[in-house]
Amino acid sequence: MQDHRHHHDDATPASPTLTEAERASAPAAAAAGHGHEHGDGHGHGHEHHQPHAGHDDDHTVHTHGQHAGHSTAMFKNRFWLTLALSIPVVYFSPMVGHILGYMAPMFPGSAWIPPVLGTVIFLYGGQPFLKGGLQELKDRRPGMMLLIGMAITVAFAASWVTSLGLGGFDLDFWWELALLVAIMLLGHWIEMRALGSAQGALDALAALLPDEAERITDSGTETVPVSELRPADLVLVRSGARMPADGTVVQGQAEFDESMITGESKTVPRGPGDAVVAGTVATDSSVRVRVDAVGEDTALAGIQRLVAEAQASSSRAQALADRAAAFLFYFAAGAGVITFIVWTLLGSIPEAVTRTMTVLVIACPHALGLAIPLVIAISTEQAARAGVLIKNRMALERMRTIDVVLFDKTGTLTTGEPELKEVAAAQGVEADELLALAAAVESDSEHPVARAIVRAARERNLALPAVAGFVSLTGRGVRASVDGRTVHVGGPALLRELGAVVPPSLAATTRGWMDRGAAVLHVIDDGGSVLGAVSLEDAVRAESRQAVRALQQRGVKVAMITGDAQQVARAVAADLDIDEVFAEVLPADKDKKVAELQSRGLKVAMVGDGVNDSPALARAEVGIAIGAGTDVAMESAGVVLAGNDPRAVLSMVDLSRASYRKMWQNLVWATGYNILSVPLAAGVLAFAGVVLSPAAGAVLMSVSTIVVALNAQLLRRLKLNPAEVR
């Protein structure tokens, strides 16, 4: 495979540790990617894929503990119907009427509205909790589902006993049953909307492949499903079409958008003998390709497997609310048993039943069901306003524990576009005159390097001389006529072709540029004299310096990973004062570098934007995708930054720490309420005349919910605008 670097690529020394073939598959080095083919008029941005819908409300979760097999849409639909049925149940409840001081209208059958609708709510709205509770019981891992299931079952049984007038008990919990089911459905709906989807990443990867391919036959071409392609088949890939399989170009030449593999936005030339990868796009011309690998053997399929494996390995964390629910289940069950035994021994069976039922019902406070989901929902909303999309609730919890943030260099810490850094003129030539001359020659080109030179000249308000006869010298540079003389702009290949000799003083300067990985272009007049040189480098974002410094101030280390040569990586790392650098990393090895950091006991947040980053994003404790990157990178990540500002990572850190505090505060309040109310409901202070009635317990439960909701609202005061984070 040929090196895919562009036409001034020998301006930068090649990485000493990568083979020629490996360099071709790795992301282009910052300097290496700045050579250019002039005058072709091709766009160098990558195609933006359409968003993939259908992975939120209707997505079925398969990996989230107690939610296993339940979809977000299921919880949503059951909530709305349960809420509608709960309104008449609450309104016609004698207990609620007594508490609020009103009398519900009486008519034949009105007394049966709460029992009938309450039974529907129990069987329909409560079904997920009953099934989940049974599963937790079978697994011997009690959690939220079992706690809810126990509470609504006891409330259901006790309420029917009361409605039927059996035993003379006053345990009308129909309204409490209805509200408990409705609020818990709401909590789980809110919670699951915040969950990320592992399947979404795999679906997005699969969507990169076309459904059909044009196979070349003896009589022409035929359109066949991609699944029918076999190795050694010849396929025609037209301009704008995606590669249906991995293969080798046998005829034609085209600029390929390989952003889905490399994460780099600029296109790369591919001609006869060059390897091309499934999912990449031929942007400007048709090529004929011999199929080398199909289906599970393609590079894209390999990335799919890595993403699936990595996401499976990072999805085993248990939510805080589940741990609290497990504690409360044992606490409530134990308290219920003790309550029944004690009151029975005191000789009051009816009181023993009443006290025990009350304990078991109020043991599942509404507050606990909303403690975590409300914080997550508000955090998600606040983050979205700051340009941060939280896709996975565990990412929010984990971000506070991160030890190191691993940034992909190109397009994340840097703009991914070349920027003119320095100008060095030969003796007798002014620097501004040299830059104006180079910009004039480059002005007819649309290549990023040409645009960078012209942009720099305009920023300095330089007047560009008129040019004529622009010519692109493939693989060497460009030339044009300026004021009647021919001027060339190019790299070392052009120097050799023209036999031009760089003056020693200028050579010493350009050697220093190349040592740090810059691309160097020389300006040569028609007599072969070198007038000067310019250096171009991948532009470091101004925001990156602030982001790195602020993370370090928060006790978080910053690392950088790139496929660029060591000298390029070291230059950027020195500029940003980065703690650790991984350079010359092949796309498939980024995942391994995350695992290497984790093997040291570090918790890693990975920030990237390309498909090649997807396995690493999924492997990290927190994957953060740059929103301008590919759909797959965004699907693989737990967090997506809507823009390219790396300071948004700081917003995520601050939000994680603040929301975690709120989660604990809410959990402490919710469980604290239980720890105090359950003993009172059990009658431990009955000897002093203090007994918590079922009605009072229900009211206190509602107050607890309000406190949790108001506390979660305080998160809205947190300032998360990346520009304001310090």
Side-chain angles (χ1 to χ4, degrees), residues 1-2 4 24-25 40-55 199-262 264-305 307-308 587 610-612 614 630-635:
M1 185 189 305
Q2 296 177 358
H4 70 233
S25 62
D40 55 9
H42 305 319
H44 292 268
H46 63 84
E47 173 186 336
H48 291 283
H49 312 304
Q50 294 300 317
H52 299 279
H55 302 311
Q199 189 62 38
L202 303 181
D203 291 344
L205 278 167
L208 293 178
L209 286 177
D211 295 325
E212 298 177 328
E214 287 191 69
R215 184 164 58 190
I216 299 172
T217 65
D218 294 337
S219 58
T221 63
E222 61 177 357
T223 301
V224 297
V226 171
S227 59
E228 291 187 11
L229 291 179
R230 297 292 180 267
D233 281 350
L234 287 179
V235 294
L236 174 65
V237 181
R238 299 183 185 274
S239 176
R242 288 189 178 276
M243 279 295 305
D246 291 357
T248 302
V249 178
V250 295
Q251 184 179 340
Q253 186 163 354
E255 293 278 333
F256 269 77
D257 173 6
E258 297 186 346
S259 58
M260 51 79 63
I261 291 294
T262 66
E264 307 291 337
S265 60
K266 54 183 173 291
T267 57
V268 293
R270 291 286 182 252
D274 287 344
V276 285
V277 179
T280 57
V281 182
T283 63
D284 63 332
S285 183
S286 299
V287 291
R288 296 187 177 214
V289 177
R290 183 186 67 248
V291 174
D292 295 333
V294 295
E296 292 300 310
D297 296 326
T298 63
L300 189 59
I303 294 175
Q304 283 183 292
R305 288 190 293 271
V307 171
V611 170
N612 70 92
S614 299
T630 66
D631 290 342
V632 178
M634 291 187 282
E635 288 289 356

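Just so it is clear, the values below take in all heavy atoms, side chains as well, and ignore hydrogens, waters and symmetry mates.
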**OP:** Answer yes or no: is there a side-chain heavy-atom contact under 4.5 Å between Val291 and Arg230?
**Re:** no

Original post:
Looking at Ala254 and Ser285, what are the two nearest heavy atoms and their distance?
Top reply: CB-O, 3.5 Å

**OP:** Measure the spacing between CG of Asp211 and CZ of Arg242 and express it to the nearest 0.5 Å.
**Re:** 12.0 Å

Original post:
Taking C-beta and beyond as the side chain, do Val294 and Pro231 meet within less than 4.5 Å on heavy atoms?
Top reply: yes

Original post:
Partners of Thr217 by side chain to side chain donor-acceptor pair (under 3.5 Å), sequence neighbours excluded?
Top reply: Ser219

Subject >> Nearest-0.5 Å distance that lies between atom CZ in Arg215 and atom OG1 in Thr221 >> reply: 11.0 Å

Subject >> Residue that, paired with Val235, satisfies side chain to side chain contact (heavy atoms under 4.5 Å, CB included) out of Ile216, Leu229, Val224 >> reply: Leu229

Original post:
Cut-off 3.5 Å, side chains only: do Asp257 and Thr283 have a donor facing an acceptor?
Top reply: no

Original post:
With sequence neighbours excluded, what pairs up with Arg288 under the salt bridge (charged side-chain N to carboxylate O under 4.0 Å, His left out) test?
Top reply: none

Original post:
Taking C-beta and beyond as the side chain, do Val287 and Phe256 meet within less than 4.5 Å on heavy atoms?
Top reply: yes

**OP:** Could you tell me whether the side chain of Asp297 reaches within less than 4.5 Å of the side chain of Asp246, counting heavy atoms only?
**Re:** no

Subject >> Shortest non-hydrogen contact between Glu228 and Asp233, atoms and distance >> reply: O-OD2, 4.2 Å

**OP:** Kindly compute the distance separating CD (Gln253) from CD (Glu255), expressed to the nearest 0.5 Å.
**Re:** 8.0 Å

Subject >> Shortest non-hydrogen contact between Pro272 and Gly252, atoms and distance >> reply: CD-O, 3.3 Å

Original post:
Between Gly271 and Val249, which heavy-atom pair has the shortest distance, and what is it?
Top reply: O-CB, 3.2 Å

Subject >> Heavy-atom pair with the smallest gap, counting every atom of Ala293 and Thr298 >> reply: O-CG2, 3.4 Å

**OP:** Please list, chain by chain and in numerical order, all residues satisfying side chain to side chain contact (heavy atoms under 4.5 Å, CB included) with Ser286, sequence neighbours excluded.
**Re:** Leu236, Arg238

